[in-house]
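First comes the structure, then the notes that go with it.
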Amino acid sequence: MFARPMTAITLATTLLAAGCSTPKGENADEKRDYVRAAASETLKKLYQERPDLEPRIEKAAGYGVFSTIGTNLILVSTGGGFGVVYNNDTKEETFMRMGEVGVGLGLGVKDFRAVFVFDTAKAVTDFVETGWAFGADADAAAKTGDTGGAAGAKGDISDEVTIYQLTENGLALSATVAGTKYWKDDDLN
């Protein structure tokens, strides 16, 4: 009796996350414009929260901005998203994808943005060329529309990379161990 509703909830949540985790547009140019607009909006929100970060990001070797939808249903979490990495030295942009899978207790859907700040040219190149697989995630966000609260977090991946996370419209309470992988989007580069 319990399995049937949970199967329906799992399927619906997975389809919602999959549909929201790809850039919108009819062709590659429109999708690239969508990613750029999402990145611009994320930076605008980040600078409203933390104005001190704007000069840091402008002076960094590069930065990446990602939009992610994650779902957590009882013991399994999944996520997917897209973003762009800007190399401030070469002025190049690289469009990327990301995927995540994990296990842990939780329930909900989380829409969040991440801004990676790369302090060295090597860190930018390593991320773009090899992507990363990492993660242990413990978070709490409860926000629906304009109600509730959401947290922004900061994490250091290494001495050369810092990540700032902004929760957008989340409804999540989870503690998961997740592997996250980033890779170049062959369709948009």
Side-chain angles (χ1 to χ4, degrees), residues 17 20-25 27-70 77-102 110-139 151-168 170 176-189:
C20 296
S21 65
T22 58
K24 295 178 181 159
N27 56 50
D29 285 335
E30 288 179 7
K31 289 178 182 182
R32 281 190 288 269
D33 287 344
Y34 183 84
V35 173
R36 287 180 190 115
S40 179
E41 184 63 29
T42 297
L43 288 174
K44 181 180 172 183
K45 288 179 182 180
L46 180 65
Y47 297 154
Q48 287 173 345
E49 296 277 325
R50 296 278 313 270
D52 60 304
L53 292 178
E54 188 169 4
R56 182 187 185 313
I57 291 172
E58 288 174 357
K59 292 177 185 173
Y63 62 96
V65 184
F66 289 84
S67 298
T68 307
I69 295 286
S77 65
T78 61
F82 56 87
V84 61
V85 173
Y86 297 96
N87 184 320
N88 284 341
D89 295 332
T90 65
K91 306 300 182 215
E92 292 177 318
E93 60 184 8
T94 304
F95 294 90
M96 299 189 75
R97 303 280 307 177
M98 62 83 57
E100 174 181 81
V101 65
K110 184 174 66 171
D111 176 359
F112 69 93
R113 309 291 181 256
V115 178
F116 289 65
V117 182
F118 303 100
D119 293 327
T120 65
K122 182 182 181 326
V124 176
T125 301
D126 288 349
F127 184 81
V128 166
E129 295 303 322
T130 63
W132 281 335
F134 63 89
D137 186 12
D139 56 45
K154 172 189 175 260
D156 293 320
I157 298 303
S158 73
D159 292 340
E160 300 175 333
V161 182
T162 304
I163 299 175
Y164 298 90
Q165 181 176 310
L166 299 163
T167 302
E168 186 61 35
T176 62
V177 176
T180 306
K181 176 68 177 158
Y182 295 84
W183 66 94
K184 287 182 183 179
D185 187 329
D186 292 335
D187 294 334
L188 299 185
N189 287 301

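- Here the closest non-hydrogen pair linking Phe95 and Asn189 is O-ND2, 2.7 Å.
- In this structure, Tyr164 OH and Ile57 CD1 are separated by 7.5 Å, a value rounded to the nearest 0.5 Å.
- Between Phe116 and Val85, every side-chain heavy-atom pair lies at or beyond the 4.5 Å cut-off.
- Annotation: Glu30, atom CD; neighbour count of heavy atoms from other residues, nucleotides and ligands within 6.0 Å is above 12.
- Shown here for Asn88 and Ala60, the closest heavy-atom pair between the two residues is ND2-O, 2.9 Å.
- Considering only residues two or more places apart in sequence or on other chains, Glu129 meets the salt bridge (charged side-chain N to carboxylate O under 4.0 Å, His left out) condition with Lys184.
- The two residues Ala123 and Val161 have their closest heavy-atom pair at CB-CG2, 3.9 Å.
- When all heavy atoms are compared, the tightest approach of Asp126 to Thr130 is O-OG1, 2.6 Å.
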Would you sort out whether Val124 and Glu160 count as a side-chain contact (heavy atoms from CB on, under 4.5 Å), showing the intermediate values?
CA-CA 9 Å; Val124 176; Glu160 300 175 333; over 6 Å; no
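- Here the straight-line distance linking atom CZ of Phe66 with atom CD1 of Ile163 works out to 9.0 Å at 0.5 Å rounding.
- Side-chain contact between Thr162 and Arg56 is present, with at least one heavy-atom pair separated by less than 4.5 Å.
- Closest approach of Ala121 and Ala61 over heavy atoms only: N-CB, 3.5 Å.
- Phe82 CZ to Thr68 OG1: the interatomic distance, rounded to the nearest 0.5 Å, is 8.5 Å.
- Atom CG in Leu46 sits 11.5 Å away from atom CD in Gln165 (nearest 0.5 Å).
- The pair Glu93-Arg36 meets the salt-bridge criterion, since a charged nitrogen lies less than 4.0 angstrom from a carboxylate oxygen.
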Would Met96 and Phe127 count as a side-chain contact (heavy atoms from CB on, under 4.5 Å) here? Give the steps.
CA-CA 10 Å; Met96 299 189 75; Phe127 184 81; 3.5 Å; yes
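- Within the model, atoms CG of Asp187 and CG of Asn27 stand 11.5 Å from one another, a figure rounded to the nearest 0.5 Å.
- The pair Arg97-Asp186 does not count as a salt bridge, with every side-chain nitrogen at least 4.0 angstrom from each carboxylate oxygen.
- The shortest non-hydrogen separation linking Ala39 to Tyr86 is CB-OH, 4.2 Å.
- Residue Thr42 holds its OG1 atom at 10.5 Å from OH of Tyr47, rounded to the nearest 0.5 Å.
- Under the 4.5 Å side-chain criterion, counting only non-hydrogen atoms from C-beta, Glu41 is not in contact with Val65.
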